[in-house]
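To start, the structure itself, in structure tokens.
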Amino acid sequence: MSESQLWHEVDDYFTGRLLPEAPDDALAAALRDSDAAGLPPIAVSPLQGKLLQLLAQVQGARHILEIGTLGGYSTIWLGRALPADGRLISLEYDPGRAEVAVRNIARAGLDRQVEVRVGAALDSLPELADENPPPFDLVFIDADKANNPRYVEWALRLTSTGSLIVLDNVVRGGRVADPDNTDPDVVGTRAALDLIGSHPRLSGTALQTVGAKDYDGFALARVLA
């Protein structure tokens, strides 16, 4: 058995014992419709989705910002952590992906709490800031990796003390640690990690993960006063 096969088997083991009902109908349909629409199979795994939900619940999150919607699978996990008066704004560059996500979110019964905004996030974020929304309690960043440092900077502007920033896909198959790798996604991820590590208002860490998504990882950063 290869390492990758073992990782997948262990993920299946955990999912079967900790998430016996996942994915439920709405989550399964979100994945199925995303696949049928030709979206890349890069959504978070069920265990990762549940982690996002738990992080939002631990935060007591009432306002969540997601940068990168894809088909809305992670959006549904996060949206289910919200109280009745909570709100989630998700930013998606691609109109086709956003259309799929909106349908999936509505089928999950979250369309009154979740808004998908279409357009480049670096255009949508200044517009969002101009609306002067309440500080976001949690920001999940899972979009184009080359712009990760800019997304972290915007997340910092749109949050307040105690907010949590989650940055996905930071390992890049181990390439993040290769100083000779100049791929824009790797360079952007590196810059975001440097920003988290050096910014006086952020306290962060990063973890490597293996499983259904193979070799990857994520960073967490808490906003300080």
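For Arg117 and Glu131, the salt-bridge test passes: some basic side-chain N is under 4.0 Å from an acidic carboxylate O. Between Arg172 and Asp185, at least one side-chain nitrogen of the basic residue sits less than 4.0 Å from a carboxylate oxygen of the acidic one, meeting the salt-bridge criterion. The pair Arg175-Asp183 does not count as a salt bridge, with every side-chain nitrogen at least 4.0 angstrom from each carboxylate oxygen. Salt bridge present: Arg103 and Glu99 bring a charged side-chain N and a carboxylate O closer than 4.0 Å.
Asp216 and Thr209 form no side-chain donor-acceptor contact under 3.5 Å, judged by distance and modelled atom types alone. Under the 3.5 Å distance criterion, with hydrogens and angles disregarded, a donor-acceptor pair is assigned to the side chains of Asp144 and Tyr151. In summary, the side chains of Ser90 and Glu115 do not present any donor paired with an acceptor at a separation below 3.5 Å, with no hydrogens or angles considered.
Between the OG1 atom in Thr205 and the CZ atom in Phe218 there is a gap of 8.5 Å [rounded to 0.5 Å]. Annotation: the span from Leu110 atom CG to Leu82 atom CG amounts to 8.0 Å, rounded to 0.5 Å. The CD atom of Glu153 sits 9.5 Å away from the CG atom of Leu122 when rounded to the nearest 0.5 Å. A distance of 6.0 Å separates CG in Leu55 from CG in Leu220, rounded to the nearest 0.5 Å. To the nearest 0.5 Å, atom CG of residue Asn104 and atom CG of residue Asp33 are 5.5 Å apart. Here CG of Asp85 is found 7.5 Å from NE2 of His63. Values are rounded to the nearest 0.5 Å.
For the pair Leu19/Leu47, a side-chain contact is recorded, criterion being any heavy-atom separation below 4.5 Å from C-beta on. Inter-residue side-chain proximity for Val10 and Leu6 is flagged as met; some heavy-atom pair is nearer than 4.5 Å. Looking at Asn181 and Arg190, their side chains come closer than 4.5 Å, going by heavy atoms from C-beta outward. With contacts defined as side-chain heavy-atom distances shorter than 4.5 Å, the pair Thr161/Arg222 does not qualify. In this structure the side chain of Lys145 never reaches within 4.5 angstrom of the side chain of Pro184, judged on heavy atoms. Considering only heavy atoms from C-beta on, Glu9 stays 4.5 Å or farther from Ser4 through its side chain. Residues Ile67 and Asn147 fail the side-chain proximity criterion, which asks for heavy atoms closer than 4.5 Å. Between Leu27 and Pro46, the closest side-chain pair of non-hydrogen atoms is not below 4.5 Å.
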Report task. Give the C-alpha distance, both sets of side-chain angles, the deciding distance and a yes or no for side-chain contact (heavy atoms from CB on, under 4.5 Å) between Thr189 and Asn169. Result -> CA-CA 8 Å; Thr189 298; Asn169 307 128; over 6 Å; no
**Report entry** Criterion side-chain contact (heavy atoms from CB on, under 4.5 Å) on Val139 and Leu164, from CA distance to verdict
**Finding:** CA-CA 6 Å; Val139 179; Leu164 183 66; over 6 Å; no
Requested in this report: Start with the C-alpha distance between Val44 and Tyr73, add both sets of side-chain angles, then the distance that settles side-chain contact (heavy atoms from CB on, under 4.5 Å), and finish with yes or no.
Outcome: CA-CA 7 Å; Val44 300; Tyr73 185 75; 3.8 Å; yes
Requested in this report: Show your reasoning for whether side-chain contact (heavy atoms from CB on, under 4.5 Å) applies to Val223 and Arg201.
Outcome: CA-CA 6 Å; Val223 179; Arg201 292 193 59 226; 3.3 Å; yes
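Gly188 and Pro149 get closest at one heavy-atom pair: O-CD, 3.1 Å. Nearest heavy atoms, Ile76 versus Ala30: CD1-CB, 4.0 Å. Listed here is the closest heavy atom pair of Ala219 and Ile196: CB-CD1, 4.4 Å. Listed here is the closest heavy atom pair of Ala155 and Ile165: CB-CD1, 3.7 Å. For Leu158 against Pro133, the heavy-atom pair with the smallest separation is CD2-CG, 4.4 Å. In this structure, Gln113 and Pro83 approach most closely via the heavy-atom pair NE2-O, 2.6 Å.
Criterion: ILVMFWY side-chain heavy atoms under 4.5 Å apart, direct or through other members. Under it, Phe140 and Val152 are not part of a common hydrophobic cluster. The hydrophobic cluster containing Leu167 also contains Trp154, counting ILVMFWY residues as joined when their side-chain heavy atoms lie under 4.5 angstrom apart, directly or transitively. Note: the hydrophobic cluster containing Leu207 also contains Val166 (ILVMFWY, side chain heavy atoms under 4.5 Å, direct or indirect links). Tyr93 and Leu125 are assigned to two separate hydrophobic clusters, defined by single-linkage of ILVMFWY side chains at heavy-atom distances under 4.5 Å. Residues Leu195 and Val170 are members of one and the same hydrophobic cluster, defined by side-chain heavy-atom contacts under 4.5 angstrom among Ile, Leu, Val, Met, Phe, Trp and Tyr.
Of the residues Leu128, Val114, Ile64, the one that meets the side chain to side chain contact (heavy atoms under 4.5 Å, CB included) test with Ile89 is Leu128. None of Leu138, Leu88, Leu91 except one satisfies the side chain to side chain contact (heavy atoms under 4.5 Å, CB included) rule with Leu65; the exception is Leu91. For the side chain to side chain contact (heavy atoms under 4.5 Å, CB included) with Glu92, the lone residue among Thr75, Val100, Thr69, Val118 that qualifies is Thr69.
Surrounding CZ of Arg150 are at most 12 heavy atoms belonging to other residues, nucleotides or ligands under 6.0 Å away. Residue-environment remark: CD (Gln59) exceeds the threshold of 12 foreign heavy atoms within 6.0 Å.
The backbone N or O of Ala43 lies less than 3.5 Å from a partner atom in the side chain of Lys213, making a donor-acceptor pair. Side-chain atoms of Asp137 never come within 3.5 Å of backbone atoms of Ser163 as a donor-acceptor pair (strictly under, hydrogens ignored). A donor-acceptor contact shorter than 3.5 Å is absent between the side chain of Ser160 and the backbone of Pro135. Side chain of Gln48 to backbone of Ser45: a donor-acceptor contact under 3.5 angstrom is found.
The aromatic rings of Tyr215 and Trp7 sit tilted relative to each other, their planes meeting at an angle between 30° and 60°.
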